[in-house]
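Index from 1, following the sequence. Counting starts at 1 for both ligands and their atoms, following the listed order. Just so we're clear, the structure is a prediction, and the values are computed from it rather than from any experiment.
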Amino acid sequence: MADIMKWILARDPGEREFHQAVKEVIESVRPVLDRNPGYIQLALLERIIEPERVIMFRVPWMDDQGQVHVNRGYRVEMSSVLGPYKGGLRFHPSVNLSILKFLAFEQVFKNALTTLPMGGAKGGSDFEPKGKSDNEVMRFCQSFMSELSHHIGPNIDIPEGGIGVGAREIGYLFGMYKKQRNEFSGVLTGKSPVWGGSFIRPEATGYGAVYFAAEMLGTQNETIEGKVCLVSGAGNVAQFTAEKLIELGGKVLTLSDSSGYIYDEEGIDKGKLAFVKRLKNIKRGRISEYIDKYSEAQYTEADTSLDYNPLWNHSADCAFPCATQNEINEKDAYNLINNGIKLVCEGADMPVAPKAIDIFLDNKLLYAPGKAANAGGVAVSGLEMAQNRMLLNWSAEEVDRRLKEIMHNIHQTCLDAAADFGQPGNYLAGANIAGFMKVATAMLDQGLV
Ligand code: NDP
C-alpha cells in the first residue's frame, strides 16, 4: 500500500489534492484487500487510480472589449466500469489537473454509492466567471463546448454543473452542443425543467446532505429540529442545505463566500435566505451585502493570515461545510469540538482536511464524507438521465421522494460496510469500502480492459 502512494507521488508529483483523495481511500480499503489478496495481483488499486482518459484543450474567447483570452479546459474520464462517465464541471481560477483528478476519483465512488449506473468523471476550466458579463460567459461556454462536444454524449459522458457552473452556464453549454451535433439529447444534466431538466436537481445536493444528516441523527434518536447549524458557502449547495435545515426546524447562523462570512445570531430564516438567493443567483453579488439589509448580522472578512477560519468558531450543534476542498483544518476541528459540534456533514467535496477528519473520528463525532453525504446531486442527475430517456418529467414530489430513499439507502450502505469490516459507525470507512467493493467487482467481471 505504501508502495502505491510512493508510485503515485513519483508519477504525478505536485498533484496534492489527488494524492490526498487517493490516500484516504487506500487507507480505508486496506481490510478489503486483506480479505481479497487476489486484488493485489490484479493491480486493482493501480488501475482505479489511473484515469481511463484525460482530455486537455485550449479555450480561446473574446471579452466585451474585443480582447482575446486563452483558458485551459479539461475532462478527466476516470472510470466507465459502472456506466457512462458522469460528473460535474468546475469553472474557477484554481482549477488544475490535480483538483480535477481528485474530484473525478471521488466521483467514481460517490456514483457507485447511488446504485445508479454511472461511471465517474470531472471537468472544467481555470476560467473565472465572477465579474464577467453574461455575454462573456456565453462566449466562453460556447468555445469550451465546441471542443468538449467531440468527447461527450448521452451514452458516453454526461457532464453537469459544479462550482462556477450553474443554470446559466448549463444553458449556454447545452445550446452549443445542440447546435454542433444537431441533436437534442440528455447530454448534460442540471438543465432547466422547461427544456428537459429534472425538478429538484438544483436542490438535490443540499437537500440530500440534510437528509443524510437527519439519518445520522436518527441513529441517536435525534432530529434536525432545534439544531443550531453552521453552513459555509453561499452557492448552490449551501443555499439548499440551509433551505432544508430551516424547513426541518434547524437554525442556520452562517453563510460565506471567498471574501468572508456572515453570522446572524437570530438565524437565517426563509425570507433572509430568499434575499441571499437573489443576491447570489441573479445579482451575482457578495455575501457581505447581507448586512446592508440585515444590520443585526455581522460580517467578517476572510483573513488568510489566520491559521483557522472564524466561521467554525461559533457555538452550534451541526456543521455543514458547503464551499470547497480543505476548508476545515486541524485547528478548525478543535474549535468546532470546543464549541459543542456533534455532527459534521460534508456538502462540498473533501472540505475536511485529513488531520481534521482524524480528530472528528477520535472524538466520536457523527462525520459524513462528501462522497456519501453530497451524492444526492448526482443521484438526481441520474434520475434526470432516466427521465430524458423515457421522454417524461416526474413531479417535484416524486423526485424528492426518490432522493430521500436514495440518501436513506446510502446511509445504510455506509453503516453496513463499516460494521462488516469492524469499524461500526465510521461513515468514512463505510463509504470508501462500499464504493470500492462495487467498482472492484465490476472491474473483475469486465476483465483487463
Ligand atoms: P457554487 O459555485 O454554487 O458555490 C461555491 C461557493 O463556495 C461560493 O460561495 C464560493 O464563493 C465558495 N468558494 C468556492 N471556492 C472557494 C474558495 N477557494 N475559498 C472560499 N470559498 C470558496 O458551487 P456549488 O455550491 O455547486 O459547489 C460547492 C461544493 O459542493 C464544491 O466542493 C462542489 O464540488 C460540491 N458539490 C456540488 C454539487 C452540486 O450539485 N452543485 C454536487 C456535489 C458536490 P465565491 O462566490 O466567492 O467563489
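Among the atoms of K130, some N or O lies under 3.5 angstrom from an N or O of ligand 1. An N or O contact shorter than 3.5 Å is missing between L103 and ligand 1 by distance. Residue G164 has at least one nitrogen or oxygen atom sitting less than 3.5 Å from a nitrogen or oxygen atom of ligand 1, judged on distance alone. In terms of polar-atom proximity, defined here as any N/O pair under 3.5 Å, R201 does make such a contact with ligand 1.
Closest protein heavy atom to atom 47 (O) of ligand 1: S258 OG, 2.4 Å. Closest to atom 37 (C) of ligand 1 among all protein heavy atoms lies V237 CG2, 3.5 Å. Looking only at protein heavy atoms, the nearest one to atom 36 (N) of ligand 1 is D349 OD2, 3.8 Å. In terms of protein heavy-atom proximity, atom 41 (N) of ligand 1 is nearest to N236 OD1, 3.5 Å. For atom 6 (C) of ligand 1, the nearest protein heavy atom (residue, atom name, distance) is G235 N, 4.0 Å. The nearest protein atom to atom 27 (O) of ligand 1, hydrogens excluded, is given as I163 CG1, 3.5 Å; this is a heavy-atom distance. Remark: minimum distance from atom 46 (O) of ligand 1 to any protein heavy atom is reached at R286 NH1, 3.5 Å. Protein heavy atom closest to atom 28 (C) of ligand 1, with residue, atom name and distance, is A323 O, 3.3 Å.
A 4.5 Å side-chain heavy-atom check between V59 and F127 finds every atom pair outside the cut-off. In this structure the side chain of V276 reaches within 4.5 angstrom of the side chain of L255, judged on heavy atoms. F140 places a side-chain heavy atom less than 4.5 Å from the side chain of F91. For the pair Y207 and L403, the minimum side-chain heavy-atom distance is below 4.5 Å.
The protein reaches atom 20 (C) of ligand 1 closely, with a heavy atom under 4.0 angstrom from it.
Using a 4.0 Å cut-off between charged nitrogen and carboxylate oxygen, K331 and D307 count as a salt-bridge pair. Electrostatic pairing of D63 and R139 does not count as a salt bridge here, judged by no charged N lying under 4.0 Å from a carboxylate O. The pair D64-K132 does not count as a salt bridge, with every side-chain nitrogen at least 4.0 angstrom from each carboxylate oxygen. Remark: E247 engages K244 in a salt bridge, criterion side-chain N to carboxylate O under 4.0 Å. For the pair E243 and K277, the salt-bridge criterion is met [side-chain N within less than 4.0 Å of a carboxylate O]. Ion pairing between E405 and R402 fails under the 4.0 Å rule for side-chain N and carboxylate O. The residues E384 and R201 are annotated as not salt-bridged, no charged nitrogen and carboxylate oxygen being separated by less than 4.0 angstrom. For K283 and E289, the salt-bridge test passes: some basic side-chain N is under 4.0 Å from an acidic carboxylate O. For the pair R75 and D157, the salt-bridge criterion is met [side-chain N within less than 4.0 Å of a carboxylate O].
Using a 4.0 Å cut-off between heavy atoms, A302 makes no contact with ligand 1 at all. Counting heavy atoms under 4.0 Å from ligand 1, residue R90 touches it through the side chain alone. Contacts of M350 with ligand 1, taken as heavy-atom pairs under 4.0 Å, are absent altogether. At a heavy-atom distance under 4.0 Å, only side-chain atoms of K110, from C-beta outward, approach ligand 1. Under 4.0 Å from ligand 1, not a single heavy atom of E327 appears. Only the backbone of C322 comes within contact range of ligand 1, with a heavy atom under 4.0 Å; no side-chain atom does. Proximity of E106 to ligand 1, defined as any heavy-atom pair under 4.0 Å, is not found for any part of the residue.
Residue contact check for ligand 1: G166 places no non-hydrogen atom closer than 4.0 Å to it. The closest approach between any non-hydrogen atom of A234 and ligand 1 is below 4.0 Å.
If you number the atoms of ligand 1 from 1 as listed, the ones under 4.0 Å from a heavy atom of G162 come out as 26 (O). Counting atoms of ligand 1 from 1 in the listed order, those under 4.0 Å from a heavy atom of S256 are 9 (O). Contact atoms of ligand 1 toward H92: 15 (N) (distance under 4.0 Å to a heavy atom of the residue).
Within the 6.0 Å centre-distance limit, the rings of F57 and F144 are counted as a close aromatic pair.
Between the NZ atom in K272 and the OH atom in Y290 there is a gap of 4.5 Å [rounded to 0.5 Å].
By heavy-atom distance, the residue among T205, N374, I99 lying nearest atom 40 (O) of ligand 1 is T205.
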